[in-house]
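Working notes, beginning with the structure itself.
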Amino acid sequence: MKEKFVTLISILLSISFFAQANSPSNFSVDVTSAKLYLDMSNKANKGQMPSDEEWNTLFSSPAYVELFKRVNWDKEEFQSNVREAFNLAYNPLKANERDSIAAMFNDIELATLDSELPLFLSTAMSIKENLATYTETINNIDIDKVIADANNLALSLLPNRGEGITPEPCPIYFIVWDLECRSLGDALFLDVNTFFYDGLQTATEALAHEMHHFYLMPVFNTVYKEDVMDGAIIALVQNMREGVADILNKKEMPLKSLAPYGEKMLAAYNEDYAASPQILEKLDAVTCEYLDGKLNMEQYIRAAIKCARYGGHTTGDFMVFLIRDQLGIDAVVECVGNVENFVDNYNKAAAKAGTYQFSDRFTKHIHDICSPARR
């Protein structure tokens with residue numbers, strides 16, 4: 001049963017890889033791909049556009065090779081987006097087309113995108129604007145110190161600072177693509193622009209966010225001895241996962257910036273955050289519908305997952321930040337890897353704040369399904 005729980009959470013939440021507790025030296029860092037891209041950018045900035053051979057070299061470099069071992073994306077489309085965005089950014093003959101696409105960026109809504117090229121172009125343009133800074137940073141960064149500092153931040157939001165947890169090492173690849181740093185499979189891929197956009201301290205906090213995810217599965221393995229298979233649990237874990245980690249690099253909500261995303265995305269994100277009480281009430285309702293036999297397991301899971309909004313970032317932030325602000329940071333740490341504590345502490349915080357509390361029936365269901373797995 002335990003394997004099913006581990007597999008379920010790993011597939012749905014992508015947290016099957018971890019940093020070694022108190023041992024950041026277990027991280028391997030590869031900047032080869034990023035340096036190749038920045039070298040091409042510096043040449044293009046002086047009028048020398050990359051050759052086909054240079055593009056082939058880039059896409060044969062470690063980050064891109066390892067990326068496509070872990071995803072089922074359309075490789076040709078991805079590479080075309082990277083190349084076309086670069087060409088638009090640096091080719092003066094493409095200025096009108098570039099400006100037309102760039103002008104759309106602040107109005108982008110991800111769900112309505114027909115092409116991801118605007119996201120890749122935003123990255124390419126931002127790298128061009130910050131080329132000297134990014135080049136100097138990646139050539140001179142003390143990556144061991146960044147990892148150690150990030151690891152310490154991550155440990156600060158773990159029960160007993162991660163004592164007794166011995167997760168696996170995780171390779172880190174610096175890469176250039178769209179607007180995201182992503183944890184995929186057993187590796188972490190850091191987009192150069194997104195990672196360095198707001199400076200080294202923000203980058204360290206963003207890495208700490210990702211590293212905190214790496215610790216979560218071992219915590220679950222410690223807390224829950226048996227399988228936990230339930231729609232509400234999946235949504236709550238995702239909300240917990242992102243909400244706790246977001247304390248490290250977002251700190252306050254609603255956000256004043258969601259850089260490098262534009263104003264429309266920021267507004268949508270904050271609106272979703274404000275709607276969290278209604279989303280949590282929906283999670284409560286679909287869980288009770290499942291308990292009443294009105295939904296089967298598959299319908300229940302599908303409906304519940306929709307209550308972890310923006311992958312858990314908005315609803316998770318609402319829940320976790322409310323716990324922090326009403327009960328203190330220790331109450332947040334108590335929730336890490338412990339769904340029962342998460343629901344109980346959220347209800348206490350919500351009562352103090354006068355916002356939505358989970359029903360007694362929902363709360364009892366969480367305890368009923370989790371408690372046997374802890375024995």
Side-chain angles (χ1 to χ4, degrees), residues 13 15 149-150 152-162 198 201-202 204-213 215-216 219-220 223 232-233 235-259 261 265-284 307-360 362-363 366-367 370:
L13 307 185
I15 50 177
D149 290 347
N152 283 330
L153 285 173
L155 290 172
S156 72
L157 291 183
L158 288 170
N160 300 317
R161 288 187 58 85
D198 285 322
Q201 178 58 36
T202 300
T204 302
E205 292 167 356
L207 182 57
H209 173 118
E210 300 298 341
M211 291 172 70
H212 191 272
H213 295 338
Y215 287 108
L216 190 52
V219 176
F220 270 110
V223 174
I233 297 296
L236 289 169
V237 169
Q238 187 73 339
N239 285 336
M240 173 210 305
R241 174 185 186 243
E242 295 299 349
V244 174
D246 272 347
I247 286 179
L248 296 168
N249 65 315
K250 288 192 173 69
K251 300 183 177 66
E252 299 294 336
M253 290 290 291
L255 294 177
K256 295 181 173 63
S257 170
L258 194 60
Y261 286 103
M265 276 294 297
L266 173 64
Y269 192 93
N270 284 336
E271 286 169 9
D272 203 77
Y273 172 81
S276 293
Q278 291 76 38
I279 300 300
L280 296 176
E281 185 174 11
K282 178 66 175 176
L283 177 61
D284 196 322
C307 299
R309 304 283 292 177
Y310 281 77
H313 285 283
T314 51
T315 41
D317 287 5
F318 180 84
M319 295 181 72
V320 173
F321 287 27
L322 192 71
I323 293 169
R324 178 197 64 186
D325 295 342
Q326 296 296 328
L327 306 180
I329 197 66
D330 288 346
V332 170
V333 174
E334 288 175 0
C335 299
V336 176
N338 190 317
V339 183
E340 297 151 280
N341 283 350
F342 186 40
V343 168
D344 290 345
N345 286 354
Y346 169 76
N347 277 341
K348 291 174 187 176
K352 289 186 68 174
T355 190
Y356 180 76
Q357 296 172 249
F358 290 117
S359 68
D360 291 343
F362 177 92
T363 303
I366 298 302
H367 281 283
C370 286

Sorted by chain and number, sequence neighbours left out, side-chain hydrogen bond (donor to acceptor under 3.5 Å, both in side chains) with T204 holds for none

Would you say that M253 contacts L255 through its side chain, given a criterion of any heavy-atom pair below 4.5 Å between the two side chains? yes

Could you name each residue pair satisfying ring pair (Phe, Tyr, Trp, His ring centres under 6.0 Å) that touches residues 319-338, not counting sequence neighbours? none

Any side-chain heavy atom of F342 sitting closer than 4.5 Å to one from V237? no

List the residues meeting side-chain hydrogen bond (donor to acceptor under 3.5 Å, both in side chains) with T314, not counting sequence neighbours, and say none if there are none. D272

For Q201, which residues count as a side-chain hydrogen bond (donor to acceptor under 3.5 Å, both in side chains) partner, sequence neighbours excluded? E205

By side chain to side chain contact (heavy atoms under 4.5 Å, CB included), which residues pair with A232, not counting sequence neighbours? D230, L283, T287, Y300, F362, I366

Look only at the side chain of H212 and the backbone of L157, and say whether a donor-acceptor pair between them is shorter than 3.5 Å. yes

Could you work out, with ring-ring contact (aromatic ring centres under 6.0 Å, His included) as the rule, every residue matching H209, not counting sequence neighbours? H213, H313

About how many Å separate OH of Y215 and CE of M211, when rounded to the nearest 0.5 Å? 5.0 Å

Identify the heavy atoms of C307 and T315 that sit nearest to each other, and give their distance. O-OG1, 3.5 Å

Just so I know, are the side chains of Y346 and N239 near enough to count as touching, which here means a heavy-atom distance under 4.5 Å? no

Could you grab the distance from atom NZ of K250 to atom OG of S257, nearest 0.5 Å is fine? 10.5 Å

I need the full list of side-chain hydrogen bond (donor to acceptor under 3.5 Å, both in side chains) pairs touching residues 348-357, with sequence neighbours left out, sorted by first then second residue. D284-Y356

Separation of K251 NZ from D317 CG (nearest 0.5 Å): 12.5 Å

Apply ring-ring contact (aromatic ring centres under 6.0 Å, His included) to F318 and list each qualifying residue two or more places apart in sequence or on a separate chain. Y273

Would you please name every residue forming a salt bridge (charged side-chain N to carboxylate O under 4.0 Å, His left out) with D344, sequence neighbours left out? none

Pair L216, V336 - check side chain to side chain contact (heavy atoms under 4.5 Å, CB included), show working. CA-CA 7 Å; L216 190 52; V336 176; 3.9 Å; yes

Is a side-chain N or O of S156 found less than 3.5 angstrom from the main chain of L153, in a donor-acceptor match? yes

How long is the span from the CG atom in D246 to the CZ atom in R241, to the nearest 0.5 Å? 10.5 Å

Heavy-atom distance under 4.5 Å between the side chains of C335 and V320, does that happen here? no

Pairs where residues 319-336 contributes a residue and the test side-chain hydrogen bond (donor to acceptor under 3.5 Å, both in side chains) is met, not counting sequence neighbours: E334-N345

